[in-house]
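None of these values were measured; they are calculated from a predicted model.
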Amino acid sequence: MDSVTHTLVGVGMANAFFKRRIGAPAVTILALASNLPDIDAIVHLSGDPTSILLRRTFGHSIFTVPIWSLVLAIILKRIYPKIKLVTLFGLVLLGASVHVFFDLVNSFGVVLLWPFYDWRPELAVIFIIDLLLTDILAVPLLLYLIPFMRQQLELLSRIALVCTLAYVIFCGANRIIDPCRQ
């Protein structure tokens, strides 16, 4: 999935479930965390065409996501000293894990078991760039621009996340029942 949509998922989760309890930093934390696994995109800076083989590996592995999450949580602890490290770690791990899920359900897959196994599962349920999915997640933020809708951001974000889940399930069901799929 693209970075904009990953960010919108994190912002949506923060607005729907965490902003009231943790405060505004929850939005920033989950926006960053929702992009954390893409740290492995740094391999493209090498200019080596074979670097694509390392894409979605060390940032997306179930073994390394908790490590990267802890590192980011420790960094964020310096920025948000009033938030407990365990809370920061939980938020970051949630955002990063949801990122991995969305990359798993699109058509490029992830190397979940890196560095021990190079199997790259992909469910190919949604496209890497899915504008409908992006739009669903953007609606609460667009409606937030209307002054009388601002108090409804939490509810609108929850509705958008439910619609996102329903959309992914719908796409998955279509893939299962489509007799023309490959």
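In terms of hydrophobic clustering, with Ile, Leu, Val, Met, Phe, Trp and Tyr side chains grouped at heavy-atom distances under 4.5 Å, L76 and V71 are assigned to different clusters. Follow the hydrophobic side-chain contacts under 4.5 Å out from V111 and you never reach I67; the two are in separate clusters. In terms of hydrophobic clustering, with Ile, Leu, Val, Met, Phe, Trp and Tyr side chains grouped at heavy-atom distances under 4.5 Å, I169 and V100 are assigned to different clusters.
The shortest side-chain heavy-atom distance between D2 and I128 does not fall under the 4.5 Å cut-off. Looking at heavy atoms from C-beta onward, F127 lies out of side-chain contact with L133 at the 4.5 angstrom threshold. A heavy-atom distance below 4.5 Å is not found between the side chains of Y144 and L156. At a threshold of 4.5 Å between non-hydrogen side-chain atoms, the residues Q152 and L143 do not count as touching. With a 4.5 Å cut-off on side-chain heavy atoms, T28 and I79 do not count as touching. For the pair N15/V27, a side-chain contact is recorded, criterion being any heavy-atom separation below 4.5 Å from C-beta on. Counting heavy atoms from C-beta on, the side chains of R120 and L112 never come closer than 4.5 Å. Here the side chains of D103 and M1 are in contact, with some heavy-atom distance below 4.5 Å.
F17 CZ to L94 CG: the interatomic distance, rounded to the nearest 0.5 Å, is 9.5 Å. Here the CG atom belonging to L165 is positioned 11.0 Å from the CD1 atom belonging to I136, to the nearest 0.5 angstrom. Taking CZ of R158 as the reference point, atom CE of M13 lies at 13.5 Å (rounded to 0.5 Å). The CG atom of L155 lies 8.5 Å from the CE atom of M149; values are rounded to the nearest 0.5 Å. Taking CG from L70 and CD1 from I75, the interatomic distance works out to 10.0 Å, rounded to the nearest 0.5 Å. Atom-to-atom distance recorded for L141:CG and S157:OG is 6.5 Å, nearest 0.5 angstrom.
In terms of heavy atoms, A96 sits closest to S69 at CB-OG, 3.9 Å. Nearest approach of S61 to L113, heavy atoms of both residues: OG-C, 4.1 Å. Residues L93 and P66 come closest through the heavy atom pair CD1-CA, 4.0 Å. Contact record, V125 with G172: CG1-N, 3.2 Å, taken as the closest heavy-atom pair. Minimum interatomic distance between G59 and W68 (heavy atoms only, all atoms of both residues): CA-NE1, 4.0 Å.
A side-chain hydrogen bond (donor to acceptor under 3.5 Å, both in side chains) with T5 is found for exactly one of N106, T134, D135, namely T134. With P37 as reference, H99 is the one residue of H99, H6, R56 to meet the side chain to side chain contact (heavy atoms under 4.5 Å, CB included) rule.
A side-chain N or O of D130 and one of Y167 form a donor-acceptor pair less than 3.5 Å apart.
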(request) Run the numbers on L137 and V11 for side-chain contact (heavy atoms from CB on, under 4.5 Å), then give the verdict. (result) CA-CA 9 Å; L137 292 161; V11 169; over 6 Å; no
(message) If you apply the rule side-chain contact (heavy atoms from CB on, under 4.5 Å), what do you find for D40 with T64, and how did you get there?
(response) CA-CA 11 Å; D40 57 24; T64 59; over 6 Å; no
